[in-house]
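Proteins come first, then strands; the chains are lettered A, B, ... in the order of their sequence lines, and each starts at number 1. Keep in mind that what you see is a predicted model, and the values were worked out from it rather than measured.
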Protein chains: 2
Amino acid sequence: MPEPTLTLGQTLAKVPIFSGLTESELSFLAQRAVTRNYSAGQSVFGEGEPCSGLYVVESGHVRIFKSSANGREQVLSIDGPGSSIAELPVFDGGSYPASVTAIDDATLLFVSKQDFQALCLAHPQVALKVLRVVGARLRRLVGIIEELSFTTVRHRLASFLLRHAQKEGKRSASGVEITLPTSNQELASHIGTVRELVSRNLSRLQAEGMLKIDGRTVTIFNLKALEAETDSPD
Amino acid sequence: MPEPTLTLGQTLAKVPIFSGLTESELSFLAQRAVTRNYSAGQSVFGEGEPCSGLYVVESGHVRIFKSSANGREQVLSIDGPGSSIAELPVFDGGSYPASVTAIDDATLLFVSKQDFQALCLAHPQVALKVLRVVGARLRRLVGIIEELSFTTVRHRLASFLLRHAQKEGKRSASGVEITLPTSNQELASHIGTVRELVSRNLSRLQAEGMLKIDGRTVTIFNLKALEAETDSPD
DNA sequence: CCATGCCGATGACTTTTGTCACGGAGGGCA
DNA sequence: TGCCCTCCGTGACAAAAGTCATCGGCATGG
C-alpha cells in the first residue's frame with residue numbers, strides 16, 4: 001500500500017499559508033486534509049452554506065462569485081494552485097459568503113475548521129500568513145468596489161484587458177496579444193455587467209482603432225491609449 | 001503624576017481583538033500603544049500611505065472610504081469605539097487601501113506594526129480574533145459589491161434605510177423613525193451615488209407613500225413595502 | 001447532411017444614472 | 001439686517017446601462 005502522506009505534504013509546502021512549517025507539521029496537516037476532486041463546472045460550495053472548513057487549490061482553477069436573483073453573476077476572484085479559499089468564514093463562524101465552482105477539472109484539499117484553528121493556535125506563523133493572504137484578498141475586493149462605484153463599463157473593460165495584458169500578454173508584431181475568457185458572458189460577470197455591453201464596448205474599442213478582435217484573441221495596438229481610458233472619468 | 005497605563009489597559013480590554021488577554025499582557029500592550037486625538041473631520045491616514053500600524057477606536061467614530069479622481073467618495077465602513085482599523089495592511093506589508101477620517105472628535109490608539117505582530121506571535125488567540133473581525137469586514141465588503149453590481153440606487157437606498165431602521169429606528173405613531181446621516185451627500189457616498197439621486201429617490205419614495213421626510217428624520221410607514229423594494233430587481 | 005443549441009453582434013428602445021444650472025431655505029456672523 | 005455658505009430640491013439634458021428580439025456563425029451529434 002502506497003503512503004500518500006509525503007506527497008501530500010510536499011503539495012502543502014508549496015501553499016503560501018503553510019510555507020515555513022516543518023516536515024512533521026506538514027505531515028500532521030496532511031493526515032487530516034482530505035483530497036477532493038471536481039470536474040469542470042462542478043460546485044465546491046454555495047453561498048450561504050454553513051462553513052465547515054477551508055480549501056486549498058492543488059490543481060486546476062476555481063471561480064469565486066456572487067449570484068443575483070435575476071441570474072447575473074459577479075466574479076470576486078479566480079484562484080489557481082496554491083491559493084487557499086474560504087480562509088475567513090472559518091474563523092467568524094458564519095456561512096460561506098460566496099459560491100465557488102471549479103473552472104476546469106480541479107483537485108482541492110479540504111481542511112476542517114477545527115484542524116485549521118488548532119494549527120493556527122499551535123503555529124502562530126500560520127495565522128500571520130493567513131492574515132497576509134487575506135490582506136491581498138481584501139485589497140482586491142476594495143478594488144472591485146472602487147471600479148464598480150466610480151467607473152463605467154468601458155473603463156472596467158479597459159482595465160480588465162490591461163490587467164491581462166500585463167499578466168499573460170504576448171508581444172506580437174503589432175502589439176500585445178491576449179486571450180479572453182471563454183465567453184463574453186463570463187467576461188461580463190468579471191467586470192459587473194451583461195453580455196451585450198461587453199460585446200458592444202469591445203466593438204467600439206475596435207472601431208476606435210485601439211485593438212483588434214479575432215475570436216477570443218485580442219490584439220492591443222496601443223497600451224498607452226488603453227491606459228488613458230482607465231485614467232480619468234471622461 | 002498619575003499612571004495612565006491601567007486605564008489604557010482597561011480600554012484595551014474592551015476591544016474585541018484584545019479580549020481574553022491577561023492583565024499583564026494588556027499592560028504590555030498599553031505601554032506600547034500611543035493615544036492620538038483627532039478633531040471632527042481630521043484625517044487619520046490617507047489611501048496609499050505606507051502602513052505603519054493599526055488603530056483602535058477608543059471614542060468617537062471614523063469613516064473609512066475610497067475617493068475617486070472626480071471627487072466622488074465611496075464609504076466602506078463607519079467604525080465606533082472598540083473597532084480596530086487597518087488590521088490587515090499591517091500584515092501584508094502594503095500601503096493603506098483606503099482613507100480614514102474622524103467623523104466626530106475621536107481618540108484612537110495606535111499600535112505599531114512590529115508590536116502588533118509580536119503580540120500575535122506571542123498570543124495566537126489574538127491572531128484568531130483578528131481573523132474573526134476581519135471576516136466580518138470582508139463580508140461587509142462583499143455585500144457592498146453585491147449591491148453595487150446587482151442593484152439600482154433605489155434598491156440601495158431602500159436597503160440603507162432598512163438597515164438603519166433595524167439598528168437605530170424608533171417606533172413612532174405611524175411607523176419607524178430614523179435619522180439620516182448629516183447630509184444627502186454623505187448618504188450618497190454610502191450607497192455609491194451622487195447627492196441628486198439620493199434627493200430624487202427619497203422624494204420618489206415619499207411620493208409613493210412609503211415614507212415621510214421631515215428634515216433629517218424619515219418615518220417609514222410600511223417596512224414590508226420597503227423590503228419589497230430590496231427583494232426583486234423589479 | 002440537417003437539426004439543434006450556444007454564442008456573438010447588433011439594432012431599437014427603456015430605464016437609470018449622472019451632470020449642470022438654478023433658486024431657495026436656513027444658519028452663522030459681522 | 002444683510003451677507004456669506006452650505007445644503008436641499010428640481011428641471012433639463014446627456015450619457016450610460018440594461019433589455020428584448022433578431023440574425024448568423026459554428027460546432028455537435030444524431
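Looking at Arg156(B), its side chain does come within 3.5 Å of a backbone N or O of Ile191(B) through a donor-acceptor pair. Side-chain atoms of Thr152(B) come within 3.5 Å of backbone N or O of His155(B) as a donor-acceptor pair.
Residues of residues 175-193 of chain B having a heavy atom closer than 4.0 Å to DNA chain C, listed by number: Thr193(B). Contacts between residues 195-205 of chain B and DNA chain D, defined by a heavy-atom separation below 4.0 Å, involve Arg195(B), Glu196(B), Ser199(B), Arg200(B), Ser203(B), listed by number.
Applying the ring pair (Phe, Tyr, Trp, His ring centres under 6.0 Å) criterion to Tyr38(B), with sequence neighbours excluded, gives no partner residue.
A donor-acceptor pair shorter than 3.5 Å cannot be found between the side chains of Asp105(A) and Ser39(A).
Annotation: cation-pi geometry not satisfied between Arg163(B) and Phe160(B) (NZ/CZ under 6.0 angstrom from ring centroid, within 45° of ring axis).
For Arg216(B), a side-chain nitrogen or oxygen approaches OP1 or OP2 of dC8(D) to under 4.0 Å.
Residue contacts for Arg72(A): at a heavy-atom cut-off of 4.0 Å it reaches the sugar-phosphate backbone alone, with no base atom in range.
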Please list every donor-acceptor pair under 3.5 Å in which a side-chain atom of residues 198-207 of chain A meets a protein atom from a residue at least two apart or in another chain.
| unit_1 | atom_1 | unit_2 | atom_2 | d |
| --- | --- | --- | --- | --- |
| Asn201(A) | ND2 | Leu197(A) | O | 2.7 |
| Ser203(A) | OG | Ser199(A) | O | 2.8 |

Would you mind writing out the side-chain donor-acceptor pairs for residues 47-55 of chain A within the sub-3.5 Å range, not counting sequence neighbours?
| unit_1 | atom_1 | unit_2 | atom_2 | d |
| --- | --- | --- | --- | --- |
| Glu47(A) | OE2 | Lys66(A) | NZ | 2.9 |
| Glu49(A) | OE2 | Gly46(A) | N | 3.0 |
| Tyr55(A) | OH | Arg36(A) | NH1 | 3.0 |

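Ile213(A) places its CD1 atom 16 Å from the C1' atom of dG25(D), with the value rounded to the nearest Å. Following rounding to the nearest Å, Glu73(A) (CD) and dG18(D) (P) show an atom-to-atom distance of 15 Å. In this entry the distance linking CZ of Arg156(A) with P of dT17(C) reads 13 Å, nearest Å. Across the protein-nucleic acid pair, Asp214(B) atom CG and dA25(C) atom C1' stand 14 Å apart, rounded to whole Å. Distance, His155(B) NE2 to dA17(D) P: 18 Å, rounded to whole Å. To the nearest angstrom, C1' of dT16(C) lies 15 Å from CG of Leu148(B).
The two residues Leu226(A) and Ala158(A) have their closest heavy-atom pair at CD1-CB, 4.0 Å. Shortest non-hydrogen contact noted between Arg72(A) and Ser149(B) is NH2-O, 3.0 Å.
Between Glu146(B) and Arg140(B) there is no salt bridge, since no side-chain nitrogen of the basic residue lies less than 4.0 Å from a carboxylate oxygen of the acidic one.
Partner of Ser159(A) under the side chain to side chain donor-acceptor pair (under 3.5 Å) criterion, chosen from Glu229(A), Glu147(A), His164(A): Glu147(A).
Each end of the helix from dC1(C)-dG30(D) to dA30(C)-dT1(D) gets its own axis, taken as the rotation carrying the C1' atoms of four end pairs onto the next four within a five-pair window, and the two axes meet at 30° to the nearest 10 degrees.
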